[in-house]
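What's counted below: heavy atoms across the whole structure, side chains too, no hydrogens, waters or symmetry copies. Just so it is clear: chains get the letters A, B, ... in the order the sequence lines come, proteins before strands, and each one is counted from 1.
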Protein chains: 2
Amino acid sequence: MNPLDSARWSGSEPRTQDPCLGCASKRFGICHPLDTSALDEISHDSDRHCLPAKSVLFREGDAATRSYSVLEGTVKLSRLLPDGRQQVVGFRFRGDLVGYTAGPNYPFDAELLTPGQFCRIERGKLDTLLRRYPLMERRVLDMCLGELAATQEHLVTVARRSAESRVAAFLLGLSEAHRRRGLAQPELPMPMTRGDIGDFLGLTLETVSRTFTAFKRAGWIAEPGGQKLRILDMGMLQSLAAGEMADI
Amino acid sequence: MNPLDSARWSGSEPRTQDPCLGCASKRFGICHPLDTSALDEISHDSDRHCLPAKSVLFREGDAATRSYSVLEGTVKLSRLLPDGRQQVVGFRFRGDLVGYTAGPNYPFDAELLTPGQFCRIERGKLDTLLRRYPLMERRVLDMCLGELAATQEHLVTVARRSAESRVAAFLLGLSEAHRRRGLAQPELPMPMTRGDIGDFLGLTLETVSRTFTAFKRAGWIAEPGGQKLRILDMGMLQSLAAGEMADI
DNA sequence: CGTGTCCTTGATACACATCAAATAGGGTGG
DNA sequence: CCACCCTATTTGATGTGTATCAAGGACACG
């Protein structure tokens, strides 16, 4: 399971890039398995939001009263540590559900890295919907199992792999997450800073920067600018992620 | 959320230490919220198993055809890395559900550290039960959300904390997990080896051993032998886990 | 009593953190 | 269009926490 991509589209239908109809778009996110009447009800209970980059959806410790289905944009989930550093727990993309958690308070901050659109729904209403529509509850359970597997995978990466391996694994994960959603563009959008990546991988931003430089010099990736990244040697990144040492 | 204790008993009822009636014990594990007729059906679909220490419930990559509700014993979940090392993803105790995962194959090994008892159920049958009993599905979702939060918490520990902090956090988590279940015994059972703990915390067994020695010398813990551990200065462990440095 | 497994302890090495400073890029206002 | 500022990035020099390598000791078990 890809640590950056916890959502799994059920079935294998190609993603249509239909204009986004909101949460109540039949083929989208948690609403994917629902019929028309259910979608109608959801439209009543939820509402659309557009937010600029750097907006905060919620903060660690806030009462977890709302959940967000991501329609567009990239979200960073992070925990603050007592010493002021942060640990990025994950990134979320189109189709993911954010903020539906165990316990009464959010366990992490959720912050936008890009402008984004969301379908926002009150926790209580979502619970009611889940009771009413078993298919939806089942879908949420599946997404949760997926997130769990992804987080475990990421745990392995952080606990055991070298800096090189971690960065390679991150790039592959990001690529996979985007491939799953939109059409596979050769240019991968990468809105996160070196600092974000470091906080995700358990490295300092300097180490991340050095590793990116090394990968670029070796010709395995390129950064054409504009928050974009291009993977030039996928195979090499795969061997690195698997743990084979490169003598750069 | 405690990274060693993903299960959360709903409500706050004190755990009765009733003789274990199997999975179909009303107040237990995933069956906790069910009524009598549901428990009857489950009794038909599942069966009890007793296994000695070091038994393997399943291996990473096996077809995920069965799930196990832990009635008694400690289970180690671990992933094998290409270089032969392992990462322990978590420990599971009484009341936890093991092996109900996203995807068609188990993503980790499950191995007994102590003798154990389990309620085993076919994946397909469990899925059917979940469809039939929404309360049970809801309970599984809650447990999954709990596991997710616990794994994220553990991720922070492994990615960001010093060896001392990690070991302190591990001991506190273990203590909490046991407090939640049985009566709080002063002697904490600790069936895992230094190697297991190291593989859980992203440390080598030598580092874990040194840290235990230091903690014992400082008088914060004691090991009376027989796989038991006693915490003598909970407060000190808490400050260590929170990240305050001790000059041992 | 031997053998295997786990644990402890010491000496040394190294990958990455930390500290420091220069450079690049992107947006804003004059 | 340019000057400025702020943030992100790069690069270098140095330090250190933990891994690694190595060897001996404790304990359980047959």
Spacing of CZ belonging to A/F118 relative to CG belonging to A/L51, to within rounding of 0.5 Å: 6.0 Å
B/R217 CZ to C/dC7 P, straight-line distance once rounded to whole Å: 17 Å
Whole-Å distance separating the CZ atom of A/R160 from the C1' atom of C/dA15: 15 Å
Distance, rounded to the nearest Å, where A/F215 contributes CZ and D/dT10 contributes P: 13 Å
A/R194 CZ - C/dA17 P separation (whole Å): 15 Å
Rounded distance (Å) that lies between atom C1' of C/dG25 and atom CD of A/Q227: 11 Å
Euclidean distance, B/N105 CG relative to B/R59 CZ, rounded to 0.5 Å: 15.0 Å
Passing candidate, salt bridge (charged side-chain N to carboxylate O under 4.0 Å, His left out) with A/D5, options A/R179, A/R180, A/R94: A/R180
Dump every N/O contact between nucleotides 27-30 of chain D and the protein below 3.5 Å, one line per pair.
none

Crowding at NZ, B/K54 (>12 non-hydrogen neighbours, <6.0 Å): no
Closest-nucleotide 5' rank along DNA chain C - winner of A/R161 and B/T193: B/T193
Evaluation steps, salt bridge (Lys or Arg N to Asp or Glu O under 4.0 Å), between B/E153 and B/R161: CA-CA 12 Å; B/E153 173 70 33; B/R161 298 210 232 263; 3.4 Å; yes
Interatomic distance where CE belongs to A/M192 and P belongs to D/dT9 [whole Å]: 12 Å
B/L240 CG to D/dG17 P, straight-line distance once rounded to whole Å: 15 Å
A/F93/A/H178 aromatic ring centres below 6.0 Å: yes
A/A163 side chain, from C-beta outward: closest of C/dC16, C/dT9, C/dT8: C/dC16
Point-to-point distance, once rounded to the nearest 0.5 Å, from CD1 of A/I221 to CG of A/L237: 7.5 Å
Atom-to-atom span, CE of B/M190 to C1' of C/dC7 - whole angstrom: 12 Å
Selection: residues 195-210 of chain B, any non-hydrogen atom under 4.0 Å of DNA chain D: B/G202, B/L203, B/T204, B/E206, B/T207, B/R210
Heavy-atom pair of closest approach, residues A/T101 and A/F108: CG2-CZ, 4.4 Å
Non-hydrogen atoms of A/G173 and A/N2 that approach each other most closely: O-ND2, 2.9 Å
